[in-house]
2 protein chains.
Amino acid sequence: MNAQDVILGLLSEQPRTGYEIKRHFEQFFSFFFDASYGTIYPTLIKMEKAELITKEAVRQEGKPDKNVYTITPAGRQRFERYLHAPAAKEVLRSDFLMHLYFGQTAGEEAVKDLLLGEIEAKRGLYEDLQRKLERLEEGKALTRYQKMSIQIGLAQYRATIDHLNELLKEEFGS
Amino acid sequence: MNAQDVILGLLSEQPRTGYEIKRHFEQFFSFFFDASYGTIYPTLIKMEKAELITKEAVRQEGKPDKNVYTITPAGRQRFERYLHAPAAKEVLRSDFLMHLYFGQTAGEEAVKDLLLGEIEAKRGLYEDLQRKLERLEEGKALTRYQKMSIQIGLAQYRATIDHLNELLKEEFGS
DNA sequence: TAAAACATGTAAGTAGTTACATGATTCC
DNA sequence: GGAATCATGTAACTACTTACATGTTTTA
């Protein structure tokens, strides 16, 4: 999975601008994918050259002009290929766990703060994601599977928060 | 967190070769960090030039020669700086969740297979990590915090497997 | 009046992977 | 005899981020 696959997927739902794609990443994919404008815009240009998508420039009043991208049949085919290929293995990069691993060097107080910080961070992410899900459910624009993927994120956060809280109680008694 | 920080951490425990560092990544960090030889060896060379570590060539019988790296005081200082800086935010990249998100396009059968596959994959990772933990506990070479970080991984896998199994039952009735 | 939202793009740099290249020894 | 383990390294490439660059309108 790279930025191109994901962008193709979003454009297979409907035409979108680079700006809208980025917003979608933040709203739906925040906990398992991200890409910056510095990736999105060059990728769109590259994909247009490869004829996977087409660009339409749209003039707007009171706002900057925008480029709306539409997927082509070749683009759709490419996306199908990605979708039916086996999912690549998940990659987690956790600086929190790395810090914890070296806790002996950092000292008990530092580790306690680390745990407290991680719990707070995860709680924030959890609430944020929950609010997003609520807002999206009101809008009714959510497929069954989109909802599932968000709920998996929620369950994962929840489980981590619970486990970390237990650890804190057991190991540091507070 | 980058490869340099982590390597510095491992060398702060004891002198090691590039090969041993890679093996350690696999044994301890498999679920929250990884780096290939193509990263490790060039990084070691760069760090030696920066005088964060020193190299000692060791001749061996019946095995290739090896380069044993030792951390310098400057390297230790650099590692402390990393360790006391706030932990960078965790990054997850899940192609499984991306596939699930686009389940509507892929179809119900494909999604069911996807879930089944993910459960199997996670179960494998869980058992693997559990075996690693057992072996390491026998060896008694584990600090309290090292054990904690592995247990967090185990709890995370466990929670995901359970949640995915429930999803499968509820949504696909099998 | 300042920040957020809307909107696009580039240049320079960072950080990594994959594949190749080599070669002995030990275990199955 | 073949796979796994031990052991190091490079070249080409991929994929991304960060910072810069610009400018309007709406909202708090």
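As the structure is a computational prediction, the values presented were derived from the model and not from experiment. Letters A, B, ... are given to chains in the order of the sequence lines, protein chains preceding strands, and every chain is numbered from 1.
Place B/G38 and B/R93 on DNA chain D by their nearest nucleotides, and B/G38 ends up nearer the 5' end. For A/Y37 and A/N2, each mapped to the nucleotide of DNA chain D holding its nearest heavy atom, the one lying further toward the 5' end belongs to A/N2.
Residue contacts shown for A/G18 are limited to sugar-phosphate atoms, with no base heavy atom under 4.0 Å away. Across all strands shown, A/F33 has no heavy atoms under 4.0 Å from either base or sugar-phosphate atoms.
Considering only the side chain of A/R23, C/dC6 comes nearest among D/dT8, C/dC6, C/dA15. Between D/dA7, D/dT17, C/dA7, one nucleotide has an atom nearer to the side chain of A/Y41 than all others, and that is C/dA7. Here the nucleotide nearest the side chain of A/A3, chosen from C/dG16, D/dC16, C/dC6, is D/dC16. With distances taken from any side-chain atom of B/N67 to the nucleotides D/dG9, D/dA7, D/dT17, the minimum falls on D/dG9. In the set C/dG9, C/dA7, D/dT8, the nucleotide with an atom closest to the side chain of B/T17 is D/dT8.
Rounded to the nearest 0.5 Å, atoms CD (A/E90) and CG (B/L92) are 4.5 Å apart.
OP1 and OP2 of C/dC6 both lie 4.0 Å or more from every side-chain N or O belonging to A/Q60. Within the 4.0 Å cut-off from OP1 or OP2 of C/dG16, not a single side-chain nitrogen or oxygen of B/S36 is found.
Across the protein-nucleic acid pair, B/K66 atom NZ and D/dT5 atom C1' stand 13 Å apart, rounded to whole Å. If you measure from atom CD1 of A/I7 to atom C1' of D/dA15, you get 12 Å, rounded to the nearest angstrom. In this structure, the CE atom of A/M47 is 13 Å from the P atom of D/dA15, given to the nearest Å. The separation between B/F25 atom CZ and C/dA15 atom P is 14 Å, rounded to whole Å.
A donor and an acceptor atom, one from each side chain of A/T54 and A/E48, are nowhere located under 3.5 Å apart.
The side-chain hydrogen bond (donor to acceptor under 3.5 Å, both in side chains) test with B/E80 singles out one residue from B/Q77, B/H84, B/R78, and that residue is B/H84.
A cation-pi arrangement, defined by a distance under 6.0 Å to the six-membered ring centre and an angle within 45 degrees of its axis, is present between A/R158 and A/Y126.
Within the 4.5 Å cutoff, no side-chain heavy atoms of A/M148 are placed close to those of B/Y101.
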